[in-house]
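Taking it in order: structure first as structure tokens, then the write-up.
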Amino acid sequence: MLGIAKSEIERVTAQEQTELERRENVYRGRRPPLKVEGLTAILVDDGIATGASMQAAIAALRQMKPARVVVAVPVAPPSTCDRLQPLVDELVCAYAPEFFYAIGQFYGDFSQVTDDQVIDLIQRASHATAGKVA
């Protein structure tokens, strides 16, 4: 519909898949995936624009068989919330403005989080929850 060549879509998809695999290896390391079967899983994002990434995350999470899936975001357009609502058990969106150009318009600083910052947060969370049972 947008006139984008199939080869270009495939190229970008392959690049993104490679980046997702890299991040998984860097962030998780040798730790096994979290076991969420039978639990409430909460997907959190800094905001949702089109909803495509969140929809993929929901689908991937559903394969892990959680009892409930909750999506929590500070901002998203109403139309995106409406599309995602049927896919989850609960959707929490603090602000759903009609005029929505990009997530960054709602932040004073919307710079990317570095790999080192993510790894540090994961390690701190891991230490904070060590020995605790879900």
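Treat the numbers as computed from the prediction; the structure is a model and nothing was measured. Values below: every heavy atom of this structure, side chains too, minus hydrogens, waters and symmetry copies.
Looking only at distances, no side-chain donor or acceptor of Q123 sits under 3.5 Å from a matching main-chain atom of D120. With R23 contributing its side chain and D115 its backbone, the two residues share no donor-acceptor pair below 3.5 Å. Distance alone, capped at 3.5 Å, is enough to place a donor-acceptor pair between the T80 side chain and the A49 backbone. Judged by distance alone, with hydrogens and angles left aside, the side-chain atoms of R62 form a donor-acceptor pair with the main-chain N or O of L87 at under 3.5 Å. Here the side chain of D89 pairs a donor or acceptor atom with the backbone of V69 at under 3.5 angstrom.
Sparse packing is recorded around CD of E98, with 12 or fewer heavy atoms of other residues, nucleotides or ligands lying under 6.0 Å away. Counting heavy-atom neighbours within 6.0 Å of L20 CG, excluding the residue itself, gives a total above 12.
The shortest non-hydrogen separation linking I48 to P77 is O-CD, 3.1 Å. In terms of heavy atoms, P78 sits closest to A96 at CG-O, 3.4 Å. Considering all non-hydrogen atoms of both residues, P97 and A76 come closest at CD-O, 3.7 Å. Residues P74 and G47 approach most closely at CD-N, 4.1 Å, considering heavy atoms.
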Q) Going through the checks in order, is the side chain to side chain contact (heavy atoms under 4.5 Å, CB included) test met by Q15 and V12? A) CA-CA 5 Å; Q15 279 181 313; V12 171; 4.3 Å; yes

(Q) side-chain hydrogen bond (donor to acceptor under 3.5 Å, both in side chains) for D109 and S111? Distances and angles first, verdict last. (A) CA-CA 6 Å; D109 178 5; S111 55; 2.9 Å; yes

Q: Test I42 against V44 for side chain to side chain contact (heavy atoms under 4.5 Å, CB included), laying out the working first.
A: CA-CA 6 Å; I42 305 172; V44 179; 3.8 Å; yes

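Rounding to the nearest 0.5 angstrom, the gap separating the CZ atom in R11 from the CD atom in E16 is 10.0 Å. One distance of note links CG of L39 with CE of M64; it measures 10.0 Å at 0.5 Å rounding. Note that CG of L61 and CG of L43 are 5.0 Å apart. Values are rounded to the nearest 0.5 Å. Going from atom CD1 of I119 over to atom OG of S126 covers 13.0 Å, rounded to the nearest 0.5 Å. Distance check: R83 CZ to Q85 CD gives 13.0 Å after rounding to the nearest 0.5 Å.
A continuous path of ILVMFWY side-chain contacts below 4.5 Å connects I103 to Y95, so both sit in one hydrophobic cluster. Hydrophobic cluster membership differs between Y107 and V73, with clusters built from Ile, Leu, Val, Met, Phe, Trp and Tyr side chains linked at under 4.5 angstrom. Hydrophobic cluster membership differs between V92 and L84, with clusters built from Ile, Leu, Val, Met, Phe, Trp and Tyr side chains linked at under 4.5 angstrom.
Side chains of Q17 and E21: a donor-acceptor N/O pair is present below 3.5 angstrom, by distance only.
A side chain to side chain contact (heavy atoms under 4.5 Å, CB included) with I122 is found for one member of R31, Q117, H127 and no other, namely R31.
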